[in-house]
4 protein chains.
Amino acid sequence: MTNARDKMVSIDSSRDDVRDAIFQSAIELFARRGYYATTIRDIVEKAGVTQPMVYYYFGSKEKLFISCVRELFKKIVKTYENIDTNISFANYLKAFLDVGNDIYADSPESVLLMVNYIHSPEEYPKFKNIKNLAWKPVQMLIDVIGDAKDDGIVRKDIDQITTAIMVFGASTMGKSLHYINKNIADIGFDEEPKYFSGQIQKIILGGILNN
Amino acid sequence: MTNARDKMVSIDSSRDDVRDAIFQSAIELFARRGYYATTIRDIVEKAGVTQPMVYYYFGSKEKLFISCVRELFKKIVKTYENIDTNISFANYLKAFLDVGNDIYADSPESVLLMVNYIHSPEEYPKFKNIKNLAWKPVQMLIDVIGDAKDDGIVRKDIDQITTAIMVFGASTMGKSLHYINKNIADIGFDEEPKYFSGQIQKIILGGILNN
Amino acid sequence: MTNARDKMVSIDSSRDDVRDAIFQSAIELFARRGYYATTIRDIVEKAGVTQPMVYYYFGSKEKLFISCVRELFKKIVKTYENIDTNISFANYLKAFLDVGNDIYADSPESVLLMVNYIHSPEEYPKFKNIKNLAWKPVQMLIDVIGDAKDDGIVRKDIDQITTAIMVFGASTMGKSLHYINKNIADIGFDEEPKYFSGQIQKIILGGILNN
Amino acid sequence: MTNARDKMVSIDSSRDDVRDAIFQSAIELFARRGYYATTIRDIVEKAGVTQPMVYYYFGSKEKLFISCVRELFKKIVKTYENIDTNISFANYLKAFLDVGNDIYADSPESVLLMVNYIHSPEEYPKFKNIKNLAWKPVQMLIDVIGDAKDDGIVRKDIDQITTAIMVFGASTMGKSLHYINKNIADIGFDEEPKYFSGQIQKIILGGILNN
DNA sequence: TATGAATGAGCTTTCATTCAT
DNA sequence: AATGAATGAAAGCTCATTCAT
């Protein structure tokens with residue numbers, strides 16, 4: 001089952017086993033419970049490591065949180081930036097929503113964390129410099145809608161900011177609901193993100209395109 | 001010096017004073033910082049009362065939180081329920097959004113609290129029974145859109161849940177951003193809620209109505 | 001044995017029993033072990049109170065230390081200031097040494113604490129503003145010797161600073177040794193402070209007076 | 001590239017380098033901050049080595065401290081023992097004070113460490129066996145003054161212990177003040193040790209000699 | 001009603017030390 | 001001879017809560 005090569009790989013990758021375990025546990029707990037309701041003891045217990053390891057690898061609870069958030073947000077932003085912009089507006093919107101679904105499929109916690117982060121006015125007062133990262137995807141969407149207005153594809157009386165927030169707000173809220181419903185408590189809104197995003201596309205396009 | 005009537009008045013009003021002060025401080029702090037980042041000390045300091053008063057009037061931090069949330073949510077639900085349902089769908093949507101703006105104008109923290117509450121999967125694990133209240137307005141919107149579909153006003157291929165979430169998600173996110181931008185940190189999305197809701201109406205109606 | 005009046009007194013004075021117990025334990029432990037080797041747990045155990053009481057009454061370990069030091073030093077300075085300055089230099093020197101002995105008899109730890117404090121260059125880096133208090137007695141002695149030089153009582157070639165340090169250094173070191181020998185470990189220098197101060201007087205007066 | 005001789009040399013010198021670096025850093029930090037306020041991390045950071053090296057070369061923090069103190073104290077004692085005892089009492093006193101100044105000039109920290117050590121009743125509870133070394137110079141001075149009494153040079157009513165403590169206490173306190181004033185904080189007593197010791201000699205001799 | 005004082009439990013963090021390599 | 005990684009124990013401190021008055 002395990003040949004020599006696998007072993008080597010596992011040795012290599014085991015270099016940061018502890019760090020990774022802390023990181024993963026931290027993301028999940030921060031995402032589900034928030035910063036203050038998550039304790040270092042929770043994190044290390046889930047990760048199966050000892051408390052000082054958090055300080056060895058990350059320095060403090062705050063720095064651990066920032067590491068988690070920054071790393072996730074960077075990855076998210078990068079994924080959105082990979083969308084080819086030389087496509088039609090309708091296709092871009094579809095791609096934007098698909099990327100959101102992919103991210104959620106790959107790491108549901110990252111979406112939760114982002115939503116929580118965006119909506120917590122003072123819970124993370126010292127982490128403002130991450131705000132720009134968190135809002136980057138929305139900003140990208142705003143720009144694309146603005147361009148589409150310039151090109152006459154989107155109606156001139158449509159506000160790109162509102163539109164972007166509708167797309168982003170609805171798709172993230174849909175995922176947030178899906179996560180809660182699946183993992184925590186039955187709240188009755190359990191559609192698949194894919195279904196939501198298909199509907200969002202249709203409604204948005206119907207509502208903002210010319211003609 | 002102090003006659004019986006004065007005493008009664010002062011006792012009556014002072015009782016409410018203390019309870020109200022705690023209540024108001026708690027709402028604001030819970031809304032801005034979340035449940036776990038808010039301490040009893042923070043609350044009583046802001047309210048200008050002593051710690052045991054919280055336990056005298058509310059029993060515990062948890063019960064205080066539930067009181068705050070329940071009271072606010074009930075008020076919010078009641079306000080939405082006051083909307084006359086014997087009006088056109090377009091007018092109902094407008095009224096729904098207007099009510100949201102009124103609530104925000106009257107008590108911005110209640111909106112913040114609701115948004116946070118909805119998006120926090122495990123931060124408030126023991127307070128699940130409030131979930132129904134929190135989702136009531138969305139549910140009402142879903143029902144109205146459903147009726148409008150039955151009446152042939154809204155297209156049959158439109159999902160009422162997605163639509164409701166788009167309306168609700170965008171309008172609450174807009175307010176949340178407005179609050180943060182005005183009171184806490186400049187994040188660059190500072191349109192007035194009214195502007196947002198006007199745009200939302202237009203886009204939604206354009207996207208879902210028949211013809 | 002205990003009449004009503006005693007009870008009342010004890011009730012009155014019991015108001016700050018806990019604070020006093022912490023204060024006394026802290027002084028003794030800080031004096032004997034130094035700041036860093038003394039833990040809050042040590043202090044409260046000795047005082048028979050719980051940990052949060054330290055924070056209730058003093059705010060932090062650092063503030064507790066500063067409170068102890070400042071209060072003791074103020075008392076010490078005040079005692080030295082009570083010496084009548086309208087007496088002969090020889091009598092002043094005697095009085096100065098006697099006051100030192102009285103303080104030591106009353107509160108040996110205060111002398112220990114002062115000596116340790118004076119000699120610890122960086123152990124208490126944030127407590128510099130207490131330094132002035134700690135050096136006040138020496139400064140007073142310097143001034144008196146200076147005056148005695150002006151009056152022709154002390155020889156002009158004698159440096160008042162050196163003289164004061166000899167008096168102060170020897171008498172405090174003598175007490176420090178006495179304390180250690182009596183309470184901690186036999187180190188073989190166990191003369192009574194009174195004996196030391198008599199000798200110091202004699203030697204100093206023989207060494208600095210005119211003729 | 002590297003031949004055997006080079007290896008040996010580099011091994012030899014590097015071994016001493018690491019040990020010495022730890023030793024020097026430890027002395028300075030222990031002297032300035034005391035035992036408990038100094039951490040192994042502080043020491044290795046200052047020395048530019050890794051933590052386990054302390055354990056490899058010294059076994060433990062406690063043993064490192066004892067090594068430092070013992071080595072310094074032995075050197076100090078040896079220096080005092082080098083004073084020729086076949087000289088006049090006055091010259092011996094001068095030589096004694098000069099040696100103190102030389103030691104301070106060569107290694108100010110050793111003086112600080114000794115003073116702190118002597119005055120710390122319980123900070124170093126397990127290191128009592130070093131006490132004898134620390135007090136050796138004073139003991140030597142006591143003996144010499146005793147001899148001078150026997151020889152009729154010093155007055156019979158003079159106590160040699162008090163005298164020794166005055167000499168030792170004043171000269172070490174003078175150096176301690178000088179160090180603090182020069183390296184840490186302005187406390188206003190900044191005379192050079194040489195000046196102090198000249199004055200001490202004069203006052204002591206004037207105060208204790210016959211005639 | 002209201003308060004100052006008190007508490008057990010738990011928090012984040014750091015310490016001296018050791019292990020595997 | 002040297003290191004990065006790991007650990008148990010304990011540090012200072014704060015929390016929600018309660019008691020006596």
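Just so you know, these numbers use all the heavy atoms, side chains as well, and skip hydrogens, waters and symmetry mates.
Between the CG atom of A:L64 and the P atom of E:dC11 there is a distance of 16 Å, given to the nearest Å. Counting to the nearest Å, the P atom of E:dA5 and the CG atom of C:D17 are 12 Å from each other. The distance between atom CD of D:E45 and atom P of E:dA16, rounded to the nearest whole Å, is 12 Å. Atom pair C:M53:CE and E:dA5:P shows a separation of 9 Å (rounding to whole Å applied). Atom CD1 in D:I22 sits about 14 Å away from atom P in E:dA16, given to the nearest Å. Rounded to whole Å, atom P of E:dG4 lies 14 Å from atom CG of C:D16. If you take CZ of A:R19 and P of F:dA6, they are 12 Å apart, rounded to a whole angstrom.
Partners of D:Q24 by side-chain contact (heavy atoms from CB on, under 4.5 Å), not counting sequence neighbours: none found. For C:F73, the ring-ring contact (aromatic ring centres under 6.0 Å, His included) partners are C:Y117, not counting sequence neighbours. The side-chain contact (heavy atoms from CB on, under 4.5 Å) test applied to A:Q51 returns A:I40, A:R41, A:V44, not counting sequence neighbours. With sequence neighbours excluded, no residue forms a salt bridge (charged side-chain N to carboxylate O under 4.0 Å, His left out) with A:K63. Taking D:T39 as the reference, D:D42 meet the side chain to side chain donor-acceptor pair (under 3.5 Å) condition, with sequence neighbours excluded. Among residues two or more places apart in sequence or in another chain, the salt bridge (charged side-chain N to carboxylate O under 4.0 Å, His left out) test is passed with B:E109 by none. With sequence neighbours excluded, the residues satisfying salt bridge (charged side-chain N to carboxylate O under 4.0 Å, His left out) with C:K46 are C:E28.
Contact annotation: D:Y56 does not reach the phosphate of F:dA2 (side-chain N/O to OP1 or OP2, under 4.0 Å).
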(message) Within the 4.0 Å limit for protein heavy atoms, which parts of nucleotides 13-21 of chain F are touched? Write it as a string from 5' to 3', B for base, S for sugar-phosphate only, - for none.
(response) BBSSBBB--
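For the helix from E:dA2-F:dT21 to E:dT21-F:dA2, the terminal axes (five pairs an end, C1' atoms, rotation from four pairs onto the next four) enclose an angle of 20°, given to 10 degrees.
Side-chain N or O atoms of A:T38 include one that pairs as donor or acceptor with a backbone N or O of A:L29 at under 3.5 Å.
Annotation: side chain of D:Y56 is not in contact with side chain of D:R19 (no heavy-atom distance under 4.5 Å).
If you take atom C1' in E:dT1 and the same atom in F:dT21, they sit 12 Å apart, rounded to whole Å.
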